[in-house]
Amino acid sequence: MEKLSVIIITLNEEEFIEGAIETASFADEIIIMDSYSTDKTSELIKNKNIIFKQNKFENFTKQRYIASQYATNDMILFIDADERIPIMLREEIQSVLKMEEPKSAYKVLFSHIFMGKRLKHGTNKNNWKLRLFNKKSCWYDETRLVHEKIIVINGEIGKLTHPIIHYTYRSWNHCINKKNHYAELQAQQLFKKGIKPNAFHFIIKPASRFVNQYFLKAGFLDGFPGFAGAFINSYYVMTRYIKLWLLHHSME
């Protein structure tokens with residue numbers, strides 16, 4: 001039977017961290033990689049049976065890479081502090097660990113809670129992410145600073161049936177701040193590739209994101225939260241390219 005290491009990346013997660021630890025308590029070890037939180041995050045995890053490490057945040061890929069170095073087990077499951085593992089998913093993961101030859105990696109379906117509503121449409125439908133993997137067969141694409149991608153070097157990818165519950169944003173301000181942070185990292189990523197923004201990036205791409213999520217993928221069926229979600233993702237796309245333009249002009 002394979003043993004499991006659960007890794008949680010944190011920065012000022014006092015509202016969610018205890019729930020994250022509880023939901024991951026079935027794992028053989030829990031590793032928290034903290035970016036020097038200034039709230040009560042570190043206090044709340046004292047005297048808990050976890051490995052607690054701190055590292056200055058540069059980007060998500062590097063932070064997850066460093067955290068993985070502390071895992072003593074080959075099988076790793078990444079969750080965020082605002083994600084929860086329901087009982088059915090926990091049992092499914094445990095079944096995978098008992099297999100004689102589990103696959104190298106598994107995608108997990110995400111169920112997003114946004115503005116108090118579980119979103120079932122738009123980009124939230126069939127939202128699969130590769131989160132459970134064997135570190136001997138997989139690794140992160142180090143060119144990505146955000147929206148990390150795990151590369152499967154050897155073996156196959158499977159899918160788990162039951163979803164992770166994701167409490168997407170704790171407030172509207174948190175939503176805006178998080179999107180701004182992601183946009184900044186993606187702008188840096190595009191800047192390194194030498195991409196220069198133009199009218200297509202500023203006008204067509206944000207509008208296309210909204211139309212795709214709200215109309216083509218039926219986000220409107222999720223009511224006002226569906227509209228707000230499509231709007232904020234369109235804003236995120238535009239902000240990404242505004243920040244990229246600023247980088248090319250040496251401005252903040």
Side-chain angles (χ1 to χ4, degrees), residues 2 4-9 13 16 19-27 30 60-61 64 67-68 74-99 101-135 137-141 144 146-152 155-170 175 178-179 182 209 212-223 225-230 232-233 236:
E2 293 277 2
L4 178 68
S5 297
V6 170
I7 297 177
I8 307 171
I9 305 296
E13 296 288 357
F16 288 101
I21 292 172
E22 182 179 353
T23 200
S25 60
F26 69 97
I30 299 174
F60 287 99
T61 297
R64 292 187 190 278
S68 299
D74 293 333
M75 292 298 290
I76 293 175
L77 172 66
F78 269 108
I79 64 168
D80 292 334
D82 56 3
E83 296 170 356
R84 302 292 180 263
I85 304 171
I87 293 175
M88 296 296 287
L89 177 58
R90 181 186 69 194
E91 292 176 349
E92 190 174 9
I93 292 171
Q94 290 173 325
S95 296
V96 167
L97 297 174
K98 291 177 182 177
M99 292 180 179
E101 295 184 7
K103 296 184 185 299
S104 296
Y106 291 86
K107 290 184 177 181
V108 185
L109 185 63
F110 273 66
S111 181
H112 297 276
I113 309 296
F114 178 59
M115 299 177 72
K117 181 181 179 67
R118 180 169 295 179
L119 302 183
K120 299 178 181 179
H121 306 280
T123 55
N124 300 285
K125 186 177 182 180
N126 298 323
N127 187 359
W128 295 88
K129 297 181 181 180
L130 203 162
R131 286 292 193 88
L132 176 65
F133 64 96
N134 187 315
K135 68 180 183 182
S137 304
C138 310
W139 211 242
Y140 275 95
D141 179 351
R144 292 199 175 198
V146 65
H147 300 311
E148 313 89 296
K149 180 181 179 181
I150 297 175
I151 300 171
V152 179
E156 299 179 350
I157 300 174
K159 283 187 175 181
L160 300 179
T161 306
H162 302 284
I164 281 179
I165 305 300
H166 182 205
Y167 293 91
T168 317
Y169 305 109
R170 63 199 71 174
C175 177
K178 194 170 183 179
K179 289 296 184 183
Y182 285 175
R209 173 65 66 90
N212 180 59
Q213 182 171 338
Y214 191 66
F215 293 106
L216 300 183
K217 293 189 175 180
F220 61 88
L221 294 176
D222 285 321
F227 170 81
I232 196 63
N233 283 334
Y236 162 56

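For the atom pair CG (L77) and CZ (F26), the distance works out to 6.0 Å, reported to the nearest 0.5 Å. Taking CD1 of I150 as the reference point, atom OG of S137 lies at 12.0 Å (rounded to 0.5 Å). Here the CG-CG distance, from L109 to L160, works out to 10.0 Å after rounding to the nearest 0.5 Å. Y214 contributes atom OH, which lies 9.0 Å from atom CG of L221 (distance to the nearest 0.5 angstrom). For the atom pair CG of L132 and CD1 of I93, the computed distance is 6.0 Å after rounding to the nearest 0.5 Å. The CD1 atom of I113 sits 5.5 Å away from the OH atom of Y167 when rounded to the nearest 0.5 Å.
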Q: Please assess D222 against F114 for the test side chain to side chain contact (heavy atoms under 4.5 Å, CB included), listing each intermediate value before the final yes or no.
A: CA-CA 10 Å; D222 285 321; F114 178 59; over 6 Å; no
Q. Run the side chain to side chain contact (heavy atoms under 4.5 Å, CB included) check on W139 and I151 step by step: do they pass?
A. CA-CA 5 Å; W139 211 242; I151 300 171; 5.7 Å; no
Q: Go through the steps for Y169 and H112 under the test side chain to side chain contact (heavy atoms under 4.5 Å, CB included), then give the verdict.
A: CA-CA 10 Å; Y169 305 109; H112 297 276; over 6 Å; no
Q.
side chain to side chain contact (heavy atoms under 4.5 Å, CB included) for I165 and T23? Distances and angles first, verdict last.
A. CA-CA 11 Å; I165 305 300; T23 200; over 6 Å; no
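Aromatic rings of F227 and F220 (six-membered ring for Trp) have centroids beyond the 6.0 Å cut-off, not under it.
Each of K178, R64, K129 was scored for a salt bridge (charged side-chain N to carboxylate O under 4.0 Å, His left out) with D80, with one residue passing: R64.
Residues forming a salt bridge (charged side-chain N to carboxylate O under 4.0 Å, His left out) with K179 (at least two apart in sequence, or on another chain): none. The side-chain hydrogen bond (donor to acceptor under 3.5 Å, both in side chains) check on N212 picks up nothing, with sequence neighbours excluded. Taking E156 as the reference, K103 meet the side-chain hydrogen bond (donor to acceptor under 3.5 Å, both in side chains) condition, with sequence neighbours excluded. Residues that satisfy the side-chain hydrogen bond (donor to acceptor under 3.5 Å, both in side chains) test with K217, not counting sequence neighbours, are absent from this structure. E22 pairs by the salt bridge (charged side-chain N to carboxylate O under 4.0 Å, His left out) definition with nothing, not counting sequence neighbours.
Counting all heavy atoms, side chain and backbone alike, F16 lies closest to R84 at O-NH2, 3.0 Å. Closest approach of P163 and L89 over heavy atoms only: O-CD2, 3.6 Å. Of all heavy-atom pairs between P102 and V96, the closest is CB-O, 3.7 Å. Here the shortest heavy-atom pairing between I164 and P86 reads CA-CD, 4.4 Å. Closest heavy-atom contact between M115 and A228: SD-CB, 3.6 Å. Shortest non-hydrogen contact noted between I79 and A20 is CD1-O, 4.0 Å.
The main-chain N or O of N233 is never found under 3.5 Å from a side-chain atom of Q213 such that the two would form a donor-acceptor pair.
In summary, R131 and E83 engage in a salt bridge, as defined by a charged side-chain N under 4.0 Å from a carboxylate O.
Here side-chain hydrogen bond (donor to acceptor under 3.5 Å, both in side chains) pairs that include residues 115-125, with residues two or more places apart or in two chains, are S111-R118.
Judged by a 6.0 Å distance limit and a 45° cone about the ring axis, R209 is not positioned over the six-membered ring of Y236.
Heavy atoms from other residues, nucleotides or ligands lying under 6.0 Å from CD1 of I87 number 12 at most.
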